[in-house]
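Below is one structure, written out as structure tokens; the observations come after it.
In the text below, chain A, chain B and the rest are named by the order of the sequence lines, each starting its count at 1.
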Amino acid sequence: MIFLIVKERTVPVKIKLGKALLRRLPKNHPKRATIEQDLAKGQAGYKGEEALDFYLKRLPQKNFYIFQDLRLQHTYSYFQIDTLILSPCFAVILEVKNISGTLYFDPYFQQLIRTMNDKVEGFQDPLTQVRRQSELFKKWITEHNIPDIPIKNFVVISHPSTIITTPPENSQALQTVCHAFQLVSKIEALTNHFIKEKLSEKNLKKLNRLLIKKHNPLQYNIQHYNISQNEILKGVHCPECSFIPMARVQGAWVCANCNTRAKDAHVETIDDYFLLIRPTVTNKQLRQFLQISSPDLCNRILRALNLPCTGKGKGRIYFQSEPLEKN
DNA sequence: GTTGCCTTCGGCAGTTAGCG
DNA sequence: CGCTAACTGCCGAAGGCAAC
């Protein structure tokens, strides 16, 4: 009896970057509106995916391996899968949509139309999207010499009150689109339908390992918004009110705006540095970003963080510690 | 190689926040 | 109020880097 989340969802870089930028760009920066929109979109999507995970935990305790948020490459095409469920008999690709209101899947023009509060809005057709993903995934599997396996797609609507409509002849939508709460029964039906074992234990292990190894996360940085480093505000930001810069007073950071006192406020700021500036840092570079003058203080801060580093003396460089990804 | 510069590191002393 | 632990700057030694 195995039920294993092999690759767990983490907060997307897109969201982390957006938050960091909104903290660290001047209030009147022209790019703020775009970043705010992107962030809202990203957060809605992530919320939907997390809502789905809630239902996924209710899956029967069978032989399932779950991969959240995969990005793979076939020839020159990249494709991103919100959730992949693997069993020895079949694979399921889930595309999650966190859209509220009334949805109409239009088969003739392959579009998704959302009506909410008398406002009509068009979205990219998730059915086309998920079909592309499963075609590329099929090719990817073949490319890596894994035996063929039936692949089933679902477009999962995470918002329970969303109303889903489509003309009765749109069989693809009828079969593929579902609410998150329907998912468990849909997958249970699949376990009854696909009973022939297509992947040996060895092949399944190989596929698991390959998926982790070939996962290629999208690298987001400030260049996506055409922002240069000198537009970024320097100084430690307040964990409570985001005011920049906090002042260092006897072992703690003090906010001039809200009077918050925090001993470790610089940790978030150093995360921002790694996200916005570069993944390495020296004593001098960090002093500049934290807006402190003492090399000794900076050295003690750096030492306390236990970051991996290379070099001695003047040549010392510290690295962003990667979140441990074990399987 | 020599020189100057930068950083690390341990130790020391002065200062301060926080606690009983 | 007084004590203590923590914090900070400063010192000197050591070592790497870069320019001469």
State whether A:N299 places a side-chain N or O below 4.0 Å from either non-bridging phosphate oxygen (OP1 or OP2) of B:dT8.
yes
Given A:L211, which of A:V6, A:L84, A:I81 fulfils the side chain to side chain contact (heavy atoms under 4.5 Å, CB included) condition?
A:L84
On a heavy-atom basis, which atom in A:N283 and which in A:N299 lie closest, and how many Å separate them?
ND2-N, 3.6 Å
Any idea how A:W140 and A:H144 line up, ring-wise: parallel (<30°), tilted (30 to 60°), or perpendicular (>60°)?
tilted
Contacting residues from residues 285-298 of chain A, given that a heavy atom lies under 4.0 angstrom of DNA chain C
A:S294, A:D296, A:L297
With B for base contact, S for sugar-phosphate-only contact and - for none (protein heavy atoms under 4.0 Å), nucleotides 14-20 of chain B reads -BSSS--
Just wondering, more than 12 heavy atoms not from A:K19 lying within 6.0 Å of its NZ?
no
State whether A:R316 places a side-chain N or O below 4.0 Å from either non-bridging phosphate oxygen (OP1 or OP2) of B:dC9.
yes
Look at the side-chain N and O atoms of A:R300 and state whether any lies under 4.0 Å from the OP1 or OP2 oxygen of B:dT8.
no
Could you check which of B:dG10, C:dG16, C:dT8 has an atom nearest any side-chain atom of A:K312?
C:dG16
Measuring to OP1 and OP2 of B:dT8, would you say a side-chain N or O of A:Y318 lies under 4.0 angstrom away?
yes
Indicate whether OP1 or OP2 belonging to B:dT8 is found under 4.0 Å from a side-chain N or O atom of A:N283.
yes
